[in-house]
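A short write-up of the structure that comes next.
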Amino acid sequence: MRTHRAGELGADDAGSRVTVAGWVQRRRDHGGVEFFDLRDASGLIQVVVDPEEHPSVHDLRMEFCVRVTGEVRRRPEGTENPELPTGDVEIGAADIEILAPSKTLPFMLDDRRDVDEMVRLKHRYLDLRRPRMAANLRARSKATAAIRRTLDGEGFLEVETPTLVNSTPEGARDMLVPSRLQQGEFYALPQSPQLFKQLLMISGVERYFQIARCYRDEDSRADRQLEFTQLDLEGAFWAEDDVLDTIETVLAEVVRDLRGIEIATPFQRLTWRDAMNRFGTDKPDLRFAMEITDLSDVFADTGFGVFSSALEDDGTVKAINAGPQEWPRSRADAITDRAKELGAKGLVWVVVEEDGAVRSPVAKFFSDTETKGLIEQLDAGPGDVILIAADKWRTVVDVLGGLRLDLGRPQGHAELAFLWVVDFPLFEEDEDGEITFSHHPFTSPASIDQMRDDPENAISRAYDVVLNGVELGSGSIRIHDPDVQRQVFEILGIDEETAERRFGWFLEALQYGTPPHGGFAFGIDRLVMVLQNEPSIREVIPFPKTQSGQDPMTGAPTWVEPIQLRELGVELGAEAKLRKEASPSPEPADTQTD
RNA sequence: GGGAGCGUAGAACAGUCUGGAGUGUUCGCCGGCCUGUCAAGCCGGAGGUCGCGGGUUCAAAUCCCGUCGUUCCCGCCA
C-alpha cells in the first residue's frame, strides 16, 4: 500500500521513488503548479503536482484520503520550509490515487481556532485528527505504556477484575445494570476495584495492578466524567513508604516520557491538617504562596462584632494576602459573592494604601493595634488586598482556600508541583451530622485505640497524591483484621446484620490469613490532562460525554425497545414516560410483538 | 437540585446594552485567474428557522417570560 511514512522522509531519501498514503491537509493551487500537504499519523510531506499531467489534482479537497507515488527530491534553493521536519524535500507526483473523497468538513481541523465542543463531539473522529488531539491520544498511550513497563519491571501482576459487581449504597451513586437472568436484581458497574484487589492480596498475588475503568454516577465537572480510568495497584506486606515509593517511581517515569523532565522524589509531604490550615484544601496547589494566615490572636479582644462572635463561638479568624489587585467596588462585590458561594456569611476586605493606612468598609471597627497586627501578620505592603473570613474553622479555610485559587492560581501547567497529603482524618461528619468515612471503610486507622475512644479525631493511614492542585489519586493501608473491620462498620453505624449481608463474603475472606496490605489508585485521565496542559479531562478522553452524560455522536443514552425492558422485568416510571412522550426522537420504532 | 456565561450562514465571531429591511468580518464551499506556495494570493458567487415557544410593540436577533442544548461553578463526587 505504501513504502514510507510521510513524516519520516528527509534529505536522505532524495532521489528515491516512494509511495505514501494519507490525508490532504491543504491544497495550494498556483495554476501552472499545485502543492498539497499529505498527512499521515507520522507527519506531513509536501507533494508537487503538474496539473497538466494530473488534472485530477483539481478535485482534491481537504481531508481526501489519497495515495501518491513519486520521486522524493530536494526542494529548490530558498523554498525549504524550516517549520516542517520534512521541509527540505518534497514528492514530485507521478501518480495520484483518490482512495476516498471527503464530504465538506463540519468544522476546520485546525488547532488555531476553538470550535464549540458539541460540534467537535458530534464528529469526534474528525476532532481526533487535529494535531492537539492526536498528541493527546499518543500521550495517553505513552503514559499507560510507561506504567506497564515500570510495574512489570517491579514484578507486578496485571489482573482484570469484573465490571459487573455488587451495588453498595456507600460512596458515589452506582451505575446499575439490570439482570435478565435474575429478574429484579441489579449489577453495579465498579466505582473502583477496591474489594477485588484486596481479595487478590488474600489470593497471594502480592503485587497487583490494573488499568481499570471506573464508574461513578455523579454530576460531571471539567475534571470528572461518568466513566474514567485509574491505575489501580495493591501490594501485600506493604507499609506506607512502599506504596508511596512505587507511585513516585511510576509518576516519575510517566513525566519523563511525556514531558522529558526529571521530577524530584520523594515528593513533599503535608499533613491533612497543615494543608487545610495553610491552603484551605486537601489538594493544595503549591505553585504559588498566598498562604492562609491565622488572625485569631490579633483580634482576640476585638470590638468588631463579626470577629468577636466568631471567636466566642469556637471559630476562627483567618486571612490571605491577595497581593496587589485592581479593586473597584464591582470586583469586591464579585469576590464577596464567590465567598458566599463557598459558604461564607460575608467577607471582609482591606486594601493597604500607599501611606500605610487601610481602606475597608469595616476599618473603623479595628483598633490601631489590630490594624498594625493585621498588616504585620500578612506582611502586607501598599496596594495589597487582604481578604478576611471569620466563622467556624472549616468554613473559614474552605472559603479562603477557594478564593486563594481564584486569585492566584497560575494558568496552565507549565510547572509541576507534586505532593503527598497524609494523616487524613479517619471519619468526618456529613451534613446531617452523621459520622461517615472520609476515605473508604476499608482504610486502616493509625491507632485502633484512638479509633474506638475518640473517633472524631482518629487519623487514618490514607494518603493522597496531588499535582498542581489536582487530586490525582489516593490510597491507604487497608484493614486486614476482620475484627477491626467489624468495629469500623459499627462506628459507621452499620449494624452487624447489615454488615454481614453486604460485606459478609468479604469479612469471611479476611479470616483466612490476610496479609497486611495497602495500595493506591490514581486517575490516568487527570494525570495526562495536567501533563498535556489541557483544561479539561475531556480533551484526553477519546470519546467523552457531555456534562449531562450524553454522547452527541452516538446519541447515548437512548430509549430501548419495550421488549428489552420486559425481558429485564423493568418498567419506566411516570416521569420517564412523560419525558419519552415529550422527546420521542431517540426512541427506536417499536416493531416488536409479544 | 441551584447559580452564572454562551446559542446569529458548514465553522469562528461582530451586531443585542440604546428595537427600525438578515447588516458585516475571517475560514470553509462553488466558479474563474495565477509556475514555488506552505494558514498561498487575486476576482466573482452561493449559503441564514438569529436554538425553540410565547409575550410586549406599528416594528424584535435586540426588550420580557418560559423552555431546550452546552460550558464553568456550588451541592454531589467512599
Side-chain angles (χ1 to χ4, degrees), chain A residues 25-38 44-52 58 61-63 75-84 86-87 90 92 102-123 126-127 168-174 191-192 194-195 214-226 228 334 337-344 398-399 402 405-406 424 426-428 430-431 436-443 460 462 471 474 476 488 492 521 523 535-536 538 545-548 550 552 579 582-583 585:
Chain A
Q25 174 105 345
R26 283 276 178 181
R27 188 174 63 106
R28 294 178 289 280
D29 178 354
H30 287 248
V33 63
E34 296 199 27
F35 305 90
F36 66 87
D37 297 324
L38 184 147
L44 282 186
I45 183 75
Q46 173 166 277
V47 179
V48 191
V49 188
D50 179 350
E52 298 262 303
H58 290 304
R61 293 294 180 275
M62 286 191 290
E63 298 305 314
R75 294 196 187 189
E77 182 92 34
T79 64
E80 299 90 348
N81 184 351
E83 306 285 308
L84 274 184
T86 62
E90 61 195 9
S102 169
K103 287 174 64 177
T104 298
L105 298 168
F107 58 96
M108 292 293 290
L109 309 189
D110 187 335
D111 283 345
R112 285 185 301 267
R113 191 161 298 181
D114 285 330
V115 176
D116 184 80
E117 197 168 346
M118 189 72 171
V119 177
R120 293 170 54 200
L121 289 182
K122 247 180 205 158
H123 304 274
L126 293 178
D127 192 37
T168 55
E170 294 82 13
R173 222 174 270 118
D174 279 323
Q191 297 183 24
S192 82
Q194 183 60 35
L195 291 179
C214 304
Y215 305 84
R216 292 177 194 173
D217 191 2
E218 298 291 349
D219 289 359
S220 301
R221 284 287 193 286
D223 62 353
R224 275 169 22 197
Q225 279 272 295
L226 293 174
F228 58 100
D337 285 347
R338 174 64 178 163
K340 286 177 180 165
E341 193 178 38
L342 290 165
D398 281 349
V399 168
L405 285 178
D406 288 351
F424 276 78
L426 187 59
F427 304 111
E428 60 191 39
D430 67 17
E431 54 196 7
T436 181
F437 42 86
S438 54
H439 187 57
H440 59 56
F442 313 103
T443 303
S460 76
E471 183 195 325
S474 57
S476 63
V488 169
L492 291 171
S536 155
R538 294 186 302 278
K545 291 177 180 55
T546 65
Q547 197 161 48
S548 57
Q550 293 173 298
R579 268 199 76 229
S583 61
S585 50

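In the text below, chain A, chain B and the rest are named by the order of the sequence lines, each starting its count at 1. Excluded from the calculations below are hydrogen atoms, water molecules and symmetry mates; all remaining heavy atoms, backbone and side chain alike, are included. Since the model is a prediction, treat every value here as computed from it, not as a measurement.
- Under a 4.0 Å N-O distance rule, the pair A:Arg224/A:Asp219 does not qualify as a salt bridge.
- The base of B:rG36 is paired with the side chain of A:Glu90 by a donor and an acceptor separated by under 3.5 Å.
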Could I get a table of every N or O pair under 3.5 Å where one atom is in the protein and the other is in nucleotides 73-77 of chain B?
residue, atom, partner, partner atom, Å
B:rC73, OP2, A:Ala222, N, 3.4
B:rC73, O2', A:Arg338, NH1, 2.8
B:rC74, OP2, A:Arg221, NE, 3.4
B:rG75, N7, A:Arg221, NH2, 2.8
B:rG75, O6, A:Arg221, NH1, 2.8
B:rG75, O6, A:Arg221, NH2, 3.2
B:rG75, N1, A:Asp219, OD2, 2.8
B:rG75, N2, A:Asp219, OD2, 3.4
B:rC76, OP1, A:Glu431, OE1, 3.1
B:rC76, O2', A:Glu218, OE1, 2.6
B:rC76, O2, A:Arg224, NH2, 3.0
B:rC76, N3, A:Arg224, NH1, 3.1
B:rC76, N3, A:Arg224, NH2, 2.9
B:rC76, N4, A:Arg221, NH2, 3.4
B:rC76, N4, A:Arg224, NH1, 3.3
B:rC77, O2, A:Arg224, NE, 3.3
B:rC77, O2, A:Arg224, NH1, 2.9
B:rC77, N3, A:Arg224, NH1, 3.1

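- When both pairing distances are held under 3.5 Å, B:rC17 makes no Watson-Crick or G-U pair with any nucleotide shown.
- Using a 4.0 Å heavy-atom criterion, one finds that A:Ser438 contacts the sugar-phosphate atoms exclusively.
- Annotation: side chain to side chain donor-acceptor pair (under 3.5 Å) contacts of A:Arg113 (sequence neighbours excluded): none.
- Counting atom types as modelled, A:Glu34 pairs no side-chain N or O with a base atom of B:rU35 as donor and acceptor under 3.5 Å.
- Applying the ring-ring contact (aromatic ring centres under 6.0 Å, His included) test to A:Phe442 and every residue at least two apart in sequence or in another chain returns A:His440, A:Phe503, A:Phe506.
- Following rounding to the nearest Å, A:Leu109 (CG) and B:rG10 (C1') show an atom-to-atom distance of 13 Å.
- Here A:Glu428 pairs with nothing under the side chain to side chain donor-acceptor pair (under 3.5 Å) rule; sequence neighbours left out.
- Donor-acceptor pairing under 3.5 Å, judged by distance alone, is absent between the side chain of A:Asp110 and the base of B:rC27.
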Could you go over nucleotides 43-45 of chain B and give all protein N or O partners under 3.5 Å, atom names and distances?
none

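- A distance-only check finds no donor-acceptor pair linking the side chain of A:Gln225 to the backbone of A:Arg538 [under 3.5 Å].
- Remark: A:Glu63 pairs with A:Arg39, A:Arg129 by the side chain to side chain donor-acceptor pair (under 3.5 Å) rule, at least two apart or across chains.
- As judged by a 4.0 angstrom heavy-atom cut-off over every strand, A:Asp114 is placed among residues touching the sugar-phosphate backbone only.
- Ring orientation note: the planes of A:Phe35 and A:His30 are nearly perpendicular, at an angle over 60° on the 30°/60° scale.
- Looking at heavy-atom distances under 4.0 Å, A:Gln46 makes contact with a base.
- Between B:rG28 and B:rA11, the distance separating the two C1' atoms is 7 Å to the nearest Å.
- As rounded to the nearest Å, B:rC29 and B:rC77 have P atoms that lie 49 Å from one another.
- As the counterpart of B:rG22, no nucleotide is assigned, since no Watson-Crick or G-U wobble pattern has both distances under 3.5 Å.
- Among the atoms of the strands shown, base atoms are found under 4.0 Å from some heavy atom of A:Pro76.
- Nucleotide B:rU62 has no partner under the Watson-Crick or G-U criteria, as no pair reaches both atom distances under 3.5 Å.
- Regarding A:Arg112, its CZ atom lies at a distance of 16 Å from the P atom of B:rC13, rounded to whole Å.
- Taking atom P in both B:rU25 and B:rG69, one finds a spacing of 35 Å when rounded to whole Å.
- The nucleotide whose nearest atom lies closest to any side-chain atom of A:His30 is, among B:rA11, B:rU70, B:rA40, B:rA40.
- Rounded to whole Å, atom C1' of B:rU37 lies 13 Å from atom CD of A:Glu80.
- In terms of the side chain to side chain donor-acceptor pair (under 3.5 Å) criterion, A:Thr104 has no residue partners (sequence neighbours excluded).
- Counting to the nearest Å, the C1' atom of B:rG51 and the CE atom of A:Met118 are 11 Å from each other.
- Look at A:Arg173 and A:Asp217 and you find no salt bridge, because none of the NZ, NE, NH1 or NH2 atoms lies under 4.0 Å from a carboxylate O.
- Pair check for B:rG47 finds none; no Watson-Crick or G-U wobble contact set falls under 3.5 Å.
- Comparing the P positions of B:rC13 and B:rC72 gives a spacing of 16 Å, expressed to the nearest Å.
- Judged as a salt bridge (Lys or Arg N to Asp or Glu O under 4.0 Å), and not counting sequence neighbours, A:Arg221 has no contacts.
- Atom pair A:Gln25:CD and B:rA39:P shows a separation of 10 Å (rounding to whole Å applied).
- On the P atoms, B:rG44 is 36 Å away from B:rC63, given to the nearest whole Å.
- In this structure, B:rU37 makes no Watson-Crick or G-U wobble pair, since no nucleotide meets both defining distances under 3.5 angstrom.
- Using a distance-only test at 3.5 Å, with no hydrogens or angles considered, a donor-acceptor pair links the side chain of A:Arg216 to the main chain of A:Gln191.
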Give me the distances for all protein-to-nucleotides 29-32 of chain B N/O pairs that come in under 3.5 Å?
residue, atom, partner, partner atom, Å
B:rC30, OP1, A:Arg61, NE, 3.2
B:rC30, OP2, A:Arg61, NE, 3.0

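- Checked against salt bridge (Lys or Arg N to Asp or Glu O under 4.0 Å), A:Asp111 has the following partners two or more places apart in sequence or in another chain: A:Arg130.
- One C1' atom belongs to B:rC42, the other to B:rG5, and the distance between them is 41 Å to the nearest Å.
- Look at B:rU56: it lacks any Watson-Crick or wobble partner with both distances under 3.5 angstrom.
- Side-chain N/O atoms of A:Thr546 include one lying less than 4.0 angstrom from OP1 or OP2 on B:rU70.
- Checking B:rA40, B:rU35, B:rC72 against the side-chain heavy atoms of A:Arg26 singles out B:rA40 as nearest.
- Comparing B:rG41 with B:rG3, their C1' atoms sit 50 Å apart, to the nearest whole Å.
- One can place CG of A:Asp116 at 17 Å from C1' of B:rG28, the figure rounded to the nearest angstrom.
- In this structure A:His58 satisfies the ring-ring contact (aromatic ring centres under 6.0 Å, His included) test with no other residue, sequence neighbours excluded.
- A search for salt bridge (Lys or Arg N to Asp or Glu O under 4.0 Å) contacts involving A:Glu341 returns A:Arg338, not counting sequence neighbours.
- Between the CZ atom of A:Arg28 and the P atom of B:rU35 there is a distance of 17 Å, rounded to whole Å.
- The base-pairing partner of B:rA4, taking Watson-Crick or G-U wobble contacts with both distances under 3.5 Å, is B:rU71.
- Atom CZ in A:Arg120 sits roughly 11 Å away from atom P in B:rA12 (whole-Å rounding).
- Within 4.0 Å of A:Ser548, counting heavy atoms only, lie sugar-phosphate atoms of the nucleic acid but no base atom.
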